[in-house]
Protein chains: 2
Amino acid sequence: MSDTPATPRRRGAARTEELLRVTLDLAAEAGYAGLSIEAVGRRAGVGKHTIYRRWPSKAALLLDALSHVWTRDLDYRDTGDVRRDLREQFLRSGFALSSPPIGPIYRAVIAEAQADSVLRATLHERFLATVEQSTLDRITRAQHTGELTADANLEFAAEVLCGTLYYRSLLSTRPIDEAAIDGLLDMFMAAYGTTDQGLSGH
Amino acid sequence: MSDTPATPRRRGAARTEELLRVTLDLAAEAGYAGLSIEAVGRRAGVGKHTIYRRWPSKAALLLDALSHVWTRDLDYRDTGDVRRDLREQFLRSGFALSSPPIGPIYRAVIAEAQADSVLRATLHERFLATVEQSTLDRITRAQHTGELTADANLEFAAEVLCGTLYYRSLLSTRPIDEAAIDGLLDMFMAAYGTTDQGLSGH
DNA sequence: TATCGATCGGCACGGTGCGTGCCGATGCTG
DNA sequence: CAGCATCGGCACGCACCGTGCCGATCGATA
């Protein structure tokens with residue numbers, strides 16, 4: 001006990017790291033409701049100034065906390081089977097979006113973003129567009145290998161794929177289950193797949 | 001002038017109607033930021049109690065204000081050409097979702113809903129699912145007339161169509177323009193249309 | 001017409017959170 | 001050891017939510 005004094009009073013980068021961790025913990029335990037600057041400060045034993053010295057606003061802190069856990073697992077695998085790779089990734093993303101800590105933080109950022117168009121642009125650029133881009137990369141590769149038709153406009157397709165997932169997890173109340181993902185992929189493959197046996201259940 | 005005294009102090013249904021109108025006015029003028037109960041009360045010259053006697057929460061008022069202007073123009077036309085009817089309706093909805101007063105109110109409701117799962121369910125039921133349903137009705141008719149393939153799972157298709165629009169207008173920062181709608185309809189028709197000349201630009 | 005109760009506007013309150021100032025204490029750096 | 005940036009703690013002003021209380025006003029009922 002005496003080896004680790006109660007509050008070693010870390011500073012600099014160590015404090016930054018700890019604050020992000022506390023934010024994630026709060027999101028996991030208290031959910032959306034626990035995500036206030038004051039709550040983070042209280043739990044971390046930290047003055048609000050220490051937080052505002054690092055992030056200009058509550059939204060900035062949340063965005064950083066989000067990217068702290070959301071940047072990994074963003075890349076699609078490439079097994080040579082687009083549908084399989086998309087399905088696997090959508091299942092992973094869908095679960096992450098629906099679970100703490102990512103779910104509550106995403107919701108908090110979205111709530112903040114409704115009142116702030118600059119934040120909305122940042123959210124879109126750092127997360128939504130990034131996810132769309134990696135989706136676009138994967139299906140573009142599939143187009144080159146002939147799995148998808150050559151004349152398909154894949155930019156819109158990537159937006160439709162990602163947008164539907166975000167719609168379901170953040171605006172709708174339905175869960176992102178396998179049926180939803182298969183239904184979405186059915187439509188995508190029926191539209192742009194080159195093999196005709198695209199339906200999942202057939 | 002003297003015929004209409006400054007404040008006739010209306011009550012009952014008349015006040016209710018007026019409060020909804022003031023809410024819509026505020027949304028049109030001040031946008032999301034102006035949508036607080038206190039602001040509505042101030043502008044209407046009304047005590048907050050008069051508002052809370054009618055709606056149990058801020059979210060309830062906003063939902064009512066939304067349905068006050070959003071229930072019309074929800075139905076698709078049926079010209080016999082699905083793609084044309086969907087396109088027309090998506091253009092209308094997209095514009096409405098992006099403009100005051102509907103845009104700001106929708107944003108406010110969404111922001112509130114992130115913290116309240118009951119409200120999220122209500123929002124989904126009264127608006128999102130309703131729009132999906134009328135879309136489903138229209139494309140189901142098209143399936144019966146042979147414009148769409150018989151084995152298409154149209155429930156997911158309706159969700160994808162509506163979800164993409166909501167994603168773009170409420171989470172993304174891109175406008176709902178004709179290119180986006182045509183791209184979305186390209187994918188939908190390529191997947192489930194029965195005529196092969198489905199691409200818009202061809 | 002007189003009465004009475006429901007509704008009204010106005011005001012104040014407690015609670016919460018945001019973002020900012022100020023203070024004296026603490027810990028790193030030179 | 002000296003100096004200084006960072007720290008925790010506290011308080012403030014502001015805004016809003018939802019509630020309680022008051023006396024005024026309106027309208028239905030007697």
Side-chain angles (χ1 to χ4, degrees), chain A residues 4-20 22-23 26-27 30-65 104-105 107-109 111-116 118-119, chain B residues 4-20 22-23 26-27 30-65 104-105 107-109 111-116 118-119:
Chain A
T4 54
T7 41
R9 200 163 190 176
R10 289 183 269 173
R11 29 173 73 201
R15 266 271 179 270
T16 302
E17 179 75 18
E18 184 186 349
L19 288 171
L20 286 174
V22 167
T23 303
L26 272 178
Y32 177 98
L35 292 177
S36 68
I37 293 269
E38 308 222 331
V40 173
R42 269 196 304 271
R43 166 168 303 204
V46 147
K48 281 194 287 182
H49 240 16
T50 304
I51 299 179
Y52 280 106
R53 196 175 296 115
R54 289 165 167 75
W55 298 277
S57 69
K58 173 183 171 181
L61 165 63
L62 294 180
L63 278 176
D64 255 22
I105 297 185
R107 292 199 177 283
V109 170
E112 290 274 309
Q114 299 308 315
D116 179 350
V118 174
L119 171 60
Chain B
T4 54
T7 41
R9 199 163 190 176
R10 288 183 271 174
R11 26 173 76 199
R15 266 272 179 268
T16 302
E17 179 76 17
E18 185 186 350
L19 288 171
L20 286 175
V22 168
T23 303
L26 273 178
Y32 177 98
L35 292 178
S36 68
I37 294 270
E38 306 221 331
V40 173
R42 268 195 306 271
R43 165 167 304 205
V46 147
K48 281 192 287 183
H49 241 16
T50 304
I51 299 179
Y52 280 107
R53 196 177 295 114
R54 289 165 166 77
W55 297 276
S57 69
K58 173 184 171 180
L61 165 63
L62 295 179
L63 278 176
D64 255 24
I105 298 185
R107 292 199 177 283
V109 170
E112 290 273 309
Q114 299 309 314
D116 179 350
V118 174
L119 171 60

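Quick note: numbers below take in every heavy atom, side chains included, and nothing from hydrogens, waters or symmetry partners. Protein chains get the first letters and strands the later ones, always in sequence-line order, with residue 1 at the start of each.
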Distance, rounded to the nearest Å, where A/Arg15 contributes CZ and D/dA5 contributes C1': 15 Å
How long is the gap from CD on B/Glu38 to NZ on B/Lys58, to the nearest 0.5 Å? 10.5 Å
CG of A/Leu62 to CD1 of A/Ile37: how many Å apart, nearest 0.5 Å? 7.0 Å
Just to verify, what does B/Ala30 make a side chain to side chain contact (heavy atoms under 4.5 Å, CB included) with, not counting sequence neighbours? none
Does C/dT7 have its OP1 or OP2 closer than 4.0 Å to a side-chain nitrogen or oxygen of B/Arg54? no
Hey, does B/Thr16 have a side-chain heavy atom less than 4.5 Å from the side chain of B/Trp55? yes
Between atom CD in B/Glu18 and atom C1' in C/dC8, what is the gap in whole Å? 13 Å
Between P on C/dT7 and CG on B/Leu19, what's the gap in Å once rounded to a whole number? 15 Å
Under a 4.5 Å cut-off applied to non-hydrogen side-chain atoms, are A/Leu61 and A/Leu35 in contact? no
Do nucleotides 16-21 of chain C as a string where each nucleotide becomes B, S or -: B if the base has a protein heavy atom under 4.0 Å, S if just the sugar-phosphate does, - if no protein is that close. -SBBBB
What nucleic acid atoms does A/Gly41 come within less than 4.0 Å of, heavy atoms only: base, sugar-phosphate, or nothing? nothing
Is the phosphate of D/dC7 approached by A/Arg53 (side-chain N or O, under 4.0 Å from OP1 or OP2)? yes
Distance, rounded to the nearest Å, where A/Arg43 contributes CZ and D/dG8 contributes C1': 18 Å
Decide yes or no for A/Gln114 and B/Gln114: does some side-chain heavy atom of the first lie under 4.5 Å from some side-chain heavy atom of the second? no
Can you tell me how far P of C/dC11 sits from CD1 of B/Ile51, to the nearest Å? 16 Å
